[in-house]
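One structure below.
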Amino acid sequence: MKKLYAIGIDIGGTAIKHGICSSEGILIQHDSIPTPADAPKAIILQKIFEVISQNLALSQEQGMPISAVGVGTPGSVDIERGYLMGSTPNFKHWRNVAIAESIKHRFDLPVFADNDANLMAFGEFSFGAGKEKKDVICLTLGTGIGGGIIIDGEIYRGSFYAGSELGHMSIDYKGRQCNCGGQGCLERYASATALIQDYNLENPKNPVSGTKQIFLLAKAKDKIAQKVIKNFVSYLAAGIANVVNIFNPEMIIIGGGVSKAGAVFIEDIRDACQKRAMPVSFKNVEIVGATLGNDAGMMGATAFALKSLGKKGVVTS
Ligand code: BGC
């Protein structure tokens with residue numbers, strides 16, 4: 001089979017990750033720039049154009065022609081049109097965007113877009129922790145919480161491309177107000193943003209700016225860090241137990257920067273989840289950290305783009 005190359009873009013609330021990956025899942029290059037999440041959509045599109053230009057220049061230098069571009073974005077995406085339908089909770093103006101069309105217009109390349117967490121799940125399923133599985137569910141913990149559901153090897157998106165929003169399942173019906181309009185959403189408790197907010201609320205005199213700091217503080221026996229991480233694990237376990245009881249998948253993959261906190265963290269989540277989930281539903285489910293780390297979404301975007309190209313009759317390996 002012919003080896004193909006694609007550009008992957010993963011638009012996160014904090015960073016736009018981008019790079020080139022081969023159809024065999026070999027990452028040729030990757031980088032990231034900050035996301036101007038509060039900027040008008042034309043500015044965000046401009047940033048995307050810039051990173052695509054950079055990657056195209058690099059692919060030319062290396063003699064690796066680009067066959068397609070894949071883009072993952074928060075929010076619900078009509079994948080037939082590569083169109084972001086409606087808004088996204090953690091961006092100010094990023095709504096109703098003809099993502100694929102705008103990029104195609106500029107670069108004359110096949111472009112495919114989907115929800116960022118769907119593509120993170122597809123990345124882990126194609127090249128990472130879920131490689132040998134067919135029913136895999138991913139939760140990506142970042143600015144928000146994304147959910148990606150793969151059933152029998154296919155991404156499940158709901159009937160109108162707007163399902164799979166696992167970060168917006170409510171774990172407390174009277175709980176914290178969410179940017180999506182809901183109340184008690186998991187992402188208000190177990191995203192990286194929520195963990196940082198919880199720590200800073202308890203320790204306003206010494207605020208932190210990242211989750212890594214909180215995990216390091218906990219290791220150094222900081223009581224506040226230990227407490228907020230303990231709560232964080234319980235919140236997350238409540239959400240994951242719901243997922244286990246409803247889907248009973250082969251594997252749950254936890255992604256995002258927080259998943260780098262190590263094996264003990266994942267084990268704590270597993271133990272807390274076991275206490276809540278129905279025993280038979282939980283029994284065979286593996287709970288693991290993402291193995292592709294922060295590249296999962298971007299690599300998934302390339303795999304999705306090449307797969308979609310294949311569906312259009314172009315041979316991909
Ligand atoms: C959005 C999702 C997205 C996730 C991660 C959530 O707030 O609703 O669509 O996948 O954040 O970016």
Side-chain angles (χ1 to χ4, degrees), residues 8-18 32 34-38 41 44 48 70-79 82-97 99 113-125 136-150 155-158 160-171 175-197 211 235-236 239-240 243 252-259 290 292-301 304:
I9 315 274
D10 177 13
I11 307 169
T14 313
I16 299 177
K17 286 146 262 171
H18 60 93
S32 72
T35 308
D38 289 342
K41 56 187 174 189
I44 301 183
I48 296 172
V71 183
T73 173
S76 304
V77 179
D78 171 344
I79 59 156
Y83 187 89
L84 171 65
M85 307 184 295
S87 59
T88 65
N90 300 310
F91 285 63
K92 224 173 184 167
H93 309 288
W94 191 239
R95 59 172 73 96
N96 305 325
V97 192
I99 298 177
D114 197 350
N115 169 270
D116 58 347
N118 286 350
L119 296 185
M120 180 255 167
F122 197 59
E124 286 291 332
F125 167 76
V136 173
I137 296 195
C138 286
L139 282 149
T140 162
L141 319 178
T143 310
I145 292 188
I149 301 171
I150 300 207
I155 299 175
Y156 179 77
R157 301 179 176 87
F160 309 103
Y161 311 109
S164 182
E165 288 282 4
L166 301 180
H168 298 282
M169 80 173 97
S170 180
I171 57 165
R176 300 176 185 174
Q177 191 61 43
C178 185
N179 292 342
C180 74
Q183 209 171 342
C185 294
L186 183 65
E187 94 166 23
R188 292 291 289 112
Y189 297 83
S191 59
T193 316
L195 180 59
I196 295 166
Q197 274 170 1
T211 54
Y235 300 143
L236 197 52
I240 295 178
V243 172
I252 292 191
I253 304 175
I254 298 168
V258 175
S259 65
L292 302 178
N294 266 337
D295 295 326
M298 191 256 290
M299 291 177 74
F304 168 67

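Just follow the structure's listing: the first ligand is 1, and inside any ligand the first atom is 1. Numbers here are sequence positions counted from 1.
Not a single N or O atom of Pro89, backbone or side chain, sits closer than 3.5 Å to an N or O atom of ligand 1.
The shortest distance between side-chain heavy atoms of Val136 and Glu124 does not fall below 4.5 Å. For the pair Ile240/Ile254, a side-chain contact is recorded, criterion being any heavy-atom separation below 4.5 Å from C-beta on.
Contacts of Asn115 with ligand 1, taken as heavy-atom pairs under 4.0 Å, involve the side chain alone. Of the heavy atoms in Asn90, only side-chain atoms (C-beta onward) come closer than 4.0 Å to ligand 1.
Residue-ligand proximity, Glu187 to ligand 1, at heavy-atom distances under 4.0 Å covers atoms 6 (C), 7 (O), 11 (O). Close approach to Glu165 involves these atoms of ligand 1, each under 4.0 Å from a residue heavy atom: 1 (C), 2 (C), 8 (O), 9 (O). Close approach of ligand 1 to Gly146 (heavy-atom distance below 4.0 Å) involves ligand atoms 4 (C), 5 (C), 10 (O). Distances below 4.0 Å separate heavy atoms of His168 from the following atoms of ligand 1: 1 (C), 6 (C), 7 (O), 8 (O).
From Thr35, atom OG1 reaches atom CD1 of Ile16 across 4.5 Å, with rounding to the nearest 0.5 Å.
For atom 5 (C) of ligand 1, the nearest protein heavy atom (residue, atom name, distance) is Asp116 OD2, 3.4 Å.
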Donor-acceptor contacts under 3.5 Å from residues 82-92 side chains, at least two apart:
from: Asn90; atom 1: OD1; to: Asn179; atom 2: ND2; distance (Å): 2.8
from: Asn90; atom 1: ND2; to: Glu187; atom 2: OE2; distance (Å): 3.2

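Under a 4.0 Å heavy-atom criterion, Gly167 is not in contact with ligand 1. Distances from ligand 1 to the non-hydrogen atoms of Gly13 include no value under 4.0 Å.
The nearest pair of heavy atoms linking Tyr235 to Leu186 is O-CD1, 3.4 Å.
Here side chain to side chain donor-acceptor pair (under 3.5 Å) pairs that include residues 8-17, with residues two or more places apart or in two chains, are Thr14-Thr143.
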